[in-house]
Amino acid sequence: MIQQYSTMRNNISMLGRFLGETISDAQGSDILELIENIRVLSRNSRNGNDKARQELLATLATISNDNIMPVARAFSQFLNLTNIAEQYQTVSR
């Protein structure tokens with residue numbers, strides 16, 4: 001059972017790296033850095049880090065209009081890829 005989830009996590013990680021490379025190629029490394037910063041701050045905030053939560057809120061409050069759509073699309077696509085990896089895991093069992 002643990003091996004199954006390990007495989008799925010590896011697949012999700014791989015798809016996330018591919019998405020990051022695609023974003024960097026299409027939008028530039030600055031937008032990828034912003035997305036990664038938001039992702040890390042979100043994870044740390046979810047784990048109870050209040051400083052990360054405050055920094056996340058400040059980052060989101062000051063995001064430029066030009067960056068709103070690429071950031072939203074990146075997170076949307078990551079969720080789509082995660083769902084695909086989960087469906088693949090279910091089918092392969």
Side-chain angles (χ1 to χ4, degrees):
M1 179 81 112
I2 292 174
Q3 175 61 32
Q4 292 173 343
Y5 290 113
S6 175
T7 301
M8 184 175 65
R9 280 193 307 270
N10 289 339
N11 288 339
I12 291 170
S13 179
M14 176 190 61
L15 292 170
R17 281 192 310 274
F18 290 157
L19 178 61
E21 291 172 10
T22 302
I23 291 168
S24 183
D25 290 346
Q27 300 286 327
S29 60
D30 289 345
I31 193 75
L32 179 61
E33 186 177 320
L34 173 62
I35 292 164
E36 282 298 306
N37 186 43
I38 292 170
R39 185 185 65 77
V40 169
L41 289 172
S42 296
R43 183 189 64 218
N44 292 341
S45 175
R46 188 177 59 244
N47 289 334
N49 184 330
D50 194 51
K51 183 178 182 218
R53 182 180 182 278
Q54 294 304 318
E55 191 175 339
L56 174 63
L57 292 173
T59 300
L60 294 175
T62 59
I63 195 168
S64 73
N65 288 338
D66 292 339
N67 289 339
I68 290 173
M69 289 305 292
V71 169
R73 285 182 180 137
F75 283 101
S76 176
Q77 289 306 315
F78 182 73
L79 291 174
N80 288 335
L81 292 172
T82 300
N83 286 335
I84 290 168
E86 289 174 346
Q87 289 171 357
Y88 176 80
Q89 183 68 26
T90 300
V91 169
S92 67
R93 277 189 281 172

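Hydrogens, waters and symmetry mates are skipped; everything else that's a heavy atom, side chains included, is used.
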### Query
Honestly curious: do Val40 and Ile23 fall in one hydrophobic cluster under the side-chain, below-4.5 Å linking rule?
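As far as the 4.5 Å side-chain criterion goes, Ile23 and Val40 are not connected within one cluster.
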#### Entry: Same apolar cluster (I L V M F W Y, side chains within < 4.5 Å links), Leu41/Leu57
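They do not share one cluster, since no chain of ILVMFWY contacts under 4.5 Å joins Leu41 to Leu57.
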### Query
Would you find more than 12 non-hydrogen atoms of other residues, nucleotides or ligands less than 6.0 Å from Phe75 atom CZ?
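Count over threshold, so yes.
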### Query
Does CD belonging to Glu33 count more than 12 external heavy atoms closer than 6.0 Å?
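No.
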From [X] atom [atom1] to [Y] atom [atom2], the distance as rounded to the nearest 0.5 Å:
X	Y	atom1	atom2	value
Ser24	Asp30	OG	CG	9.0 Å
Asn83	Phe78	CG	CZ	10.0 Å
Thr59	Gln54	OG1	CD	11.0 Å
Glu55	Asn37	CD	CG	6.0 Å
Leu79	Ile84	CG	CD1	11.0 Å

### Query
So, does Thr62 use its side chain to make a donor-acceptor pair with the main chain of Ala58 at under 3.5 Å?
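Answer holds: yes.
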For [X] versus [Y], what's the shortest heavy-atom pair and its separation?
X	Y	result
Leu19	Ala74	CD2-O, 3.6 Å
Gln27	Ile31	CB-CG2, 3.1 Å
Ile63	Asn67	CG1-CB, 3.9 Å
Ser45	Ala52	N-CB, 3.9 Å

### Message
Is there a side-chain contact (heavy atoms from CB on, under 4.5 Å) between Thr90 and Gln87? Walk through the geometry before answering.
### Response
CA-CA 5 Å; Thr90 300; Gln87 289 171 357; 5.6 Å; no
I want to check something: taking the side chain as every heavy atom from C-beta on, are [X] and [Y] in contact at a cut-off of under 4.5 Å?
X	Y	answer
Leu56	Ile38	yes
Glu86	Gln89	no
Thr82	Leu15	no
Asn80	Gln77	yes
Asn49	Arg53	no

### Query
For Ser13 and Arg9, does a side-chain donor sit closer than 3.5 Å to a side-chain acceptor?
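Checked: Ser13/Arg9 side chains show no N/O donor-acceptor pair below 3.5 Å.
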